[in-house]
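Worksheet: one structure, shown below.
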Amino acid sequence: MKRRTGQNPDITRTWRPATQAVRGGTARSEFGETSEALFLTSGYAYDCAADAAARFAGEQVGMTYSRLQNPTVQMLEDRIALLEGAEACRSMATGMAAMTAVLLCQLEQGDHLVGGRAAFGSCRWLTDTLLPKFGIQTTIVDARDPQAFADAVQPKTKVFFFETPANPTMDIADMAAICDIAKRHGITTVVDNAFATPALQRPMEFGADVTAYSATKMMDGQGRVLAGAVCGTATFINDVLLPFTRNTGPTLSAFNAWVVLKGLETLDLRINRQSENSLKVGRFLEKRVPRILHPGLPSHPQHDLAMRQMSACGPIFAFEVEGGRAQAHGLLDALELVDISNNIGDSRSLMTHPSSTTHYGVAEDKRIEMGVTENLLRLNVGLEDPEDVIADLDQALTKVGL
Ligand SMILES: *Cc1c(COP(=O)(O)O)cnc(C)c1O
């Protein structure tokens with residue numbers, strides 16, 4: 001009975017990540033289905049009124065409403081927590097729902113946050129526009145320099161928030177050094193780990209308190225659904241994050257959770273193959289473009305740090321052309337195989353011009369400060385044969401005179 005429908009947590013916890021990605025968190029129904037069941041239900045029925053009351057009082061385990069709990073969503077949360085090596089995880093409707101919730105749940109008027117400069121455009125909108133609107137002050141620093149975090153600390157600093165590698169310039173933050181500064185001041189470190197995922201990098205091993213994800217990217221990995229997640233201690237997730245998300249409702253749909261569960265089964269395979277492909281494409285581009293920012297190449301100024309923190313370089317990197325927006329757009333328009341798309345983590349190769357797309361909403365002076373110039377392009381290398389991706393880039397570069 002146990003074997004068919006349940007998992008023994010003492011055993012499942014000892015499984016290695018590739019095993020967790022396939023089996024972690026699986027909770028079978030009485031039918032013993034091998035693939036995780038999709039529970040499309042908004043509510044739950046109780047055997048008696050006293051059971052309903054006991055569940056609401058927290059005296060009986062069980063589900064009450066799908067904004068709060070759903071079996072499919074819970075399987076995904078358990079699986080991500082096991083992959084992360086975290087005590088607990090809460091999934092969200094999107095990556096941005098995860099970032100918004102993880103900040104707003106722990107900050108209040110008068111508090112202060114230090115954020116990394118190179119960041120996803122919407123994450124910069126949170127730190128630069130949303131938080132200050134509610135009286136939460138923010139200081140933005142170059143996350144490549146741990147001392148910049150130390151210098152920015154104020155008496156009311158509660159959170160350090162950054163991504164590594166950072167979107168789109170591939171800046172690397174030294175997590176051990178930054179988390180060490182945070183710990184000395186009782187500050188919570190939140191790492192946006194979307195680019196690497198727990199398959200390549202586990203920020204908590206470097207001292208991070210909380211990791212936050214856009215699961216839309218490598219976790220789904222096939223460009224199908226939007227999803228997000230936050231991992232942390234059971235105390236943080238249950239006592240700090242949950243009161244916020246239960247009542248504000250950025251809940252992940254069961255269907256999307258199921259799709260991401262399927263995506264996680266192949267995460268390890270995909271991200272490692274895409275990292276290899278990305279390296280091959282990067283080595284080709286390095287000889288053809290004026291500048292490349294690829295954490296897997298020794299030419300990246302923080303290559304050694306990147307490779308200390310990540311087990312492989314990941315599928316995403318940036319490079320520059322020399323003729324500004326006209327040449328960058330010309331290169332995109334000349335592509336035959338690689339799609340013009342601002343998504344990342346997909347099994348398809350995708351390229352975008354951040355200054356006119358993902359970072360369009362960031363003020364121009366801030367964009368330039370972040371290194372998001374008109375010459376910059378970002379490439380996500382997919383699962384196609386890398387020789388075909390190289391051939392496509394080769395012909396497109398030739399067309400624009402590079
Ligand atoms: C995409 C992305 C997000 C936002 O995620 P969505 O799922 O699109 O809401 C946040 N941070 C990083 C680093 C991202 O790449």
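Just follow the structure's listing: the first ligand is 1, and inside any ligand the first atom is 1.
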### Task
Tell me, with the steps shown, if L350 and L379 meet side chain to side chain contact (heavy atoms under 4.5 Å, CB included).
CA-CA 6 Å; L350 308 173; L379 178 59; over 6 Å; no
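- Using a 4.0 Å cut-off to heavy atoms of N167, the atoms of ligand 1 that qualify are 15 (O).
- The minimum heavy-atom distance between V400 and G330, with the atom names listed, is CG1-C, 3.4 Å.
- Below 4.0 Å from some heavy atom of T94 lie the following atoms of ligand 1, by number and element: 7 (O), 9 (O).
- For atom 4 (C) of ligand 1, the closest non-hydrogen atom on the protein side is F120 CE2, 3.4 Å.
- Checking T357, N342, T358 one by one against T352, the side-chain hydrogen bond (donor to acceptor under 3.5 Å, both in side chains) holds for a single residue, T357.
- With hydrogens and angles disregarded, no donor-acceptor distance shorter than 3.5 Å links the side chain of T100 to the backbone of A97.
- Scanning both residues, V225 and D220, for their nearest heavy atoms gives N-OD2, 3.1 Å.
- Backbone and side-chain nitrogen or oxygen atoms of E163 are examined, and none is located within less than 3.5 angstrom of a nitrogen or oxygen of ligand 1.
- Of all protein heavy atoms, the one closest to atom 13 (C) of ligand 1 is D192 OD2, 3.3 Å.
- Those atoms of ligand 1 that come under 4.0 Å of a heavy atom in T216, given as number and element, are 6 (P), 7 (O).
- Annotation: atom 1 (C) of ligand 1 to nearest protein heavy atom, K217 NZ, 1.3 Å.
- In terms of polar-atom proximity, I344 is not counted as a contact of ligand 1, lacking any N or O under 3.5 Å from an N or O of the ligand.
- Residue contact check: F195 has heavy atoms under 4.0 Å from atoms 15 (O) of ligand 1.
- Checked by distance only, ligand 1 and M96 come closer than 3.5 Å through their nitrogen or oxygen atoms.
- L264 approaches R270 most closely through the heavy-atom pair N-NH2, 4.5 Å.
- Those atoms of ligand 1 that come under 4.0 Å of a heavy atom in G95, given as number and element, are 5 (O), 6 (P), 7 (O), 9 (O).
- Scanning both residues, T127 and P132, for their nearest heavy atoms gives O-CD, 3.4 Å.
- Taking both residues in full, the closest heavy atoms of P203 and M175 are given as CB-SD, 3.7 Å, listed atom of the first, atom of the second, then distance.
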